Amino acid sequence: MAIAGILSLVGILVVFKAAKTMTVEKSYWDEVASKMKNDSISEKPARGNILSCDGQLMASSIPEYKIFMDFQPGKQKDVPVDTAAINKLDTLWAQNIDSLCNGLHEIFPSRTAAEFKEHLLTGKKKVMKDGSKGARHWPIWPRRIDYGTYKEVSKLPILCLSPGKGGFHVEQYNARRHPFGSLAQRTVGTMFGAIDSAKCGIELSYDSVLRGTNGIAHRQKVRNKFVKVTVAPPIDGADIVTTIDVGMQDMAERALVEELKKDNASMGVAILMEVKTGDVKAIVNMTKCEDGEYHETVNHAISYRCEPGSVFKTASFLVALDDGVVDTSFVIHTGNGIMNMHGSNMKDHNWYRGGYGDINVARTLEVSSNIGVSYVIDKFYHDHPEKYVKGLYRVGIHEDLGLPLVGYLTPKIRMPNTKTTNKAEYWSKTTLPWMSIGYETQIAPINTVAFYNAIANNGKMMRPRFVKQVVKDGQVLYETQPEVLKEQIAKPQAIKTMQTILEHVVSQGLGRKAGSRSFKVAGKTGTAQVSQGGAGYKNGTMWYWLSFVGFFPADDPRYTCIVCLKKPGLPASGGGMAGVVFHQISEGVMAQYLKLRVEDARDERSILVPDVKNGNVLAADYVLNQLNIQTNGGWGGSYANGNPIWGKASNDQKSVQLKEEKLSSQVMPDMTGMGASDAIYILESNGLKVKLRGTGHVTRQSIAYGAPIHDGMLCELILQ
């Protein structure tokens, strides 16, 4: 009964309070409600990073801010103006505006304190549409600032107050930054102004992964205080791990730009691909801009379709070899370097020197004979040109690579068609011979390098891979696998034959400048005239598309690389210009991973006797032991003026003799050429004091070589 009575009493009190709120206190709560504002706001997530293959940041997001003033802080719509608050703020401004503007000038020195004052007062005096005075969203500084600058600004007078009191407020952005500058910029991608506007590259292709998911929060304002309640937190974007190797990318870019400048070229491309996986380790796209410098403005590697020139001859001969219509012994009569092909003259590059005469198929590619290639293809495929074109499709030069980058253009190699009225598609009698040497086709560099990579990979064509993993909070969400596009682009024997021919192109053909003394290189040169559209090839200045594409080491291919240059006028040589860049890239890549041990540099039939300089014997002994070179505690020679020297080793000498002794006579030794630590060790161990000047190796000594010495003498050593 008692509990029932208590519950009844509580119920009566609740009803009484509700009635009071609805009647007596109604006007009060209506006024409170009018001052409340409840907004749903979107909370942006942090955009994911883009990383190199070894985890180095290539693109990341950092916060940036735009700063504003509200000269009517705390004012709400349809609420009477608080005159006392306005007067208080006016007084605050009058007392602090000079110190505020001086502080802004120190942070942003390009604008004077007087200019800041004039600018702020203009905003403060601005009349709004509702008749009120003072801008609500007046920019203090026109550009974005970083977090450190924002914190400095927020400490200044007035700006240090809360937004509801002082009016200072910000808009936050996530700015994209590239720690390696423009390195692989068109492939990594860029952003339009705001973070939510991906422009190109991986940024655009993987935008949904990098962007994350917006969150939702309610922001409620009660009188002059905001309370934000998160309903659904934002989900940050995942990170993208690319296949790009920063070291290789930098090396390829430097080599390419150096050659572009030397040749006054307008454009250049370099792609480095891993043979077994198809991973793109470096991709460089350089265009000469108005400032005379080279920048990445367009991803030409995947989008610049052009007539590839002589690098296409490899595909033509691979079709012929695969079809079995020729072998390497087939002899071609190239004559004096000029041959009439259905009413048009086909010329070899050395026609003015009398041509190549009779050469076989292998030599044809070595010297890049236009006549040799076009004669073979026209002889065996003239009556059925569609068989040749189908062969090109079969060997993969026409393959749609399905790249995950926006802007990729597939090759254009047309089938025979004599019925069309479109001049660009019409198949004439000269189409086949000219197509066979790289004209009347349109292929981007990425397709050419993928085709050569298949030859290096014993016929297996890999899809070029740009992204390896999608990672979130250290966990791999998704990992791409190397993808095979074609298991076998041609018969194994045809592939093997082509590998040998391409190696000979570099060792004894036109590709010598792309070769290396340290490892074997296989590849093909290309020099093509660039069509000027409707104006043809010979309107005004002649332009050339120069290229070299190959793989290395040729006996165990690890990387395939293509280098392309577009330049005006002569000289123009694919092997002598693009081949030089290929050489520098291949040498650099191989040197980067070259690991030599002492045993590797040692002739097994000889005895290794290191040249150990004078100095700390214990230190020398430690180094020799680390190199697995035995020491037996005694010097294998004699002393000169008290300094140990090396004697000649006999053929059966198995170890280095080390022995530490005092100077045999009290005369000054010759310290020239020694390092500082060894010089100090020898002199101090024999009772001398040492003073050093400079760094490097000893070039002079204050006590002459051979002069008498005694304990406590000071010797000054000059090092350079």
Side-chain angles (χ1 to χ4, degrees), residues 50-53 58-59 176 178 180-192 197-207 209-210 240 242-246 248-257 259-260 265-274 278-290 293-308 311 399-412 442-453 463-468 480 530 545-547 549 560-566 578 581 585:
I50 297 178
L51 310 168
S52 66
C53 63
M58 301 193 76
R176 208 63 166 163
H178 299 85
F180 291 100
S182 62
L183 211 65
Q185 184 175 23
R186 295 301 299 189
T187 302
V188 171
T190 54
M191 308 289 292
F192 286 112
S197 303
K199 184 178 181 181
C200 62
I202 292 172
E203 291 277 21
L204 179 59
S205 300
Y206 289 84
D207 184 58
V209 177
L210 292 162
I240 299 292
T242 70
T243 60
I244 301 294
D245 183 292
V246 171
M248 294 181 182
Q249 178 74 28
D250 181 59
M251 181 169 48
E253 182 175 312
R254 290 175 184 273
L256 180 63
V257 170
E259 187 66 30
L260 290 172
S266 65
M267 186 180 83
V269 168
I271 308 171
L272 181 68
M273 180 184 295
E274 200 170 62
D279 285 1
V280 177
K281 310 306 290 185
I283 177 169
V284 186
N285 298 276
M286 287 295 165
T287 303
K288 191 173 186 179
C289 298
E290 293 181 357
E293 297 298 322
Y294 292 90
H295 305 283
E296 289 220 355
T297 58
V298 179
N299 199 334
H300 298 296
I302 67 171
S303 64
Y304 187 74
R305 287 189 304 201
C306 65
E307 294 171 316
V311 296
E399 193 75 12
D400 181 357
L401 301 178
L403 301 184
L405 299 179
V406 176
Y408 166 65
L409 296 178
T410 58
K412 295 176 67 175
Q442 299 285 314
I443 300 176
I446 190 70
N447 280 88
T448 303
V449 75
F451 165 68
Y452 275 81
N453 193 75
R463 187 190 305 278
R465 186 168 65 153
F466 293 87
V467 172
K468 293 178 68 175
T480 63
V530 178
W545 181 251
L546 313 175
S547 53
V549 56
T560 305
C561 179
I562 187 172
V563 177
C564 305
L565 312 174
K566 184 180 179 182
V581 181
I585 293 173

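Below, each value reflects all heavy atoms present in this structure, side chains not excepted, and no hydrogens, waters or symmetry copies. Model, not experiment: these values are computed from the prediction. The first residue of the sequence shown is numbered 1, and numbering continues consecutively from there.
- Rounding to the nearest 0.5 angstrom, the gap separating the OG1 atom in Thr410 from the CD atom in Gln442 is 11.0 Å.
- Val563 is not listed as a side-chain neighbour of Ser547, based on a closest heavy-atom distance of 4.5 Å or more.
- Using a 3.5 Å distance cut-off with no hydrogens or angles, the side chains of Thr243 and Asp279 do not pair a donor with an acceptor.
- Inter-residue side-chain proximity for Ile240 and Val209 is flagged as met; some heavy-atom pair is nearer than 4.5 Å.
- Within a 6.0 Å sphere centred on NZ of Lys288, heavy atoms belonging to other residues, nucleotides or ligands number more than 12.
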Exercise for review: Evaluate the side-chain contact (heavy atoms from CB on, under 4.5 Å) criterion for residues Cys289 and Thr297: first the C-alpha distance (whole Å), next the side-chain angles of each, then the deciding distance (0.1 Å), finally the verdict.
Suggested key: CA-CA 9 Å; Cys289 298; Thr297 58; 3.9 Å; yes
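- Val449 and Ile446 make their closest contact through CG1-O, 3.2 Å (heavy atoms, listed as atom of the first residue, atom of the second, distance).
- With values rounded to the nearest 0.5 angstrom, Thr190 atom OG1 is found 9.0 Å from Leu204 atom CG.
- Ser182 and His295 share no donor-acceptor pair across their side chains, judged by distance under 3.5 Å alone.
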Practice item. Check the pair Ile283 / Asn299 against side-chain contact (heavy atoms from CB on, under 4.5 Å), numbers first and verdict last. Key: CA-CA 9 Å; Ile283 177 169; Asn299 199 334; 3.9 Å; yes
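- Side-chain atoms of Pro445 and His300, non-hydrogen and from C-beta on, never get closer than 4.5 Å to each other.
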Practice item. Show the numbers, then the answer: is there a side-chain contact (heavy atoms from CB on, under 4.5 Å) between Met58 and Ser52? Key: CA-CA 6 Å; Met58 301 193 76; Ser52 66; 3.8 Å; yes
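- How far CG of Leu565 is from CE of Met267: 9.0 Å, rounded to the nearest 0.5 Å.
- Interatomic distance, CG of Leu272 versus CG of Asn453, reported as 10.0 Å (0.5 Å rounding).
- With no hydrogens or angles considered, no side-chain donor-acceptor pair links Tyr452 and Asn447 at under 3.5 Å.
- When every heavy atom of Leu405 is checked against every heavy atom of Ser205, the shortest pair comes out as CA-OG, 3.4 Å.
- A donor-acceptor distance shorter than 3.5 angstrom exists from the side chain of Tyr294 to the backbone of Ala265, with no hydrogens or angles considered.
- The number of heavy-atom neighbours closer than 6.0 Å to CZ of Arg254, taken from other residues, nucleotides and ligands shown, is 12 or below.
- Every residue two or more places apart in sequence or in another chain was checked for a salt bridge (Lys or Arg N to Asp or Glu O under 4.0 Å) with Glu274, and none qualifies.
- Residues Lys566 and Tyr304 come closest through the heavy atom pair NZ-OH, 3.3 Å.
- Counting heavy atoms from C-beta outward, Asp250 and Leu183 have side chains that approach closer than 4.5 Å.
- Residues satisfying the salt bridge (Lys or Arg N to Asp or Glu O under 4.0 Å) criterion with Glu203, sequence neighbours excluded, are Arg47, Arg176.
- With contacts defined as side-chain heavy-atom distances shorter than 4.5 Å, the pair Pro404/Phe466 qualifies.
- A search for side-chain contact (heavy atoms from CB on, under 4.5 Å) contacts involving Glu296 returns Gln185, Arg186, Gln249, Val284, Asn285, Met286, not counting sequence neighbours.
- Side-chain contact between Tyr408 and Asp400 is present, with at least one heavy-atom pair separated by less than 4.5 Å.
- Summarising the geometry of Cys53 relative to Asp245, their closest heavy-atom pair is SG-CA, 3.8 Å, with the distance given to 0.1 Å.
- None of Thr187, Val188, Val467 except one satisfies the side chain to side chain contact (heavy atoms under 4.5 Å, CB included) rule with Ile50; the exception is Val188.
- To the nearest 0.5 Å, atoms CZ (Phe180) and CD (Glu253) are separated by 12.0 Å.
- Inter-residue side-chain proximity for Cys564 and Leu546 is flagged as unmet; no heavy-atom pair is nearer than 4.5 Å.
- The CG atom of Leu403 lies 13.5 Å from the CZ atom of Arg465; values are rounded to the nearest 0.5 Å.
- Looking at Pro411 and Phe451, their side chains never come closer than 4.5 Å, going by heavy atoms from C-beta outward.
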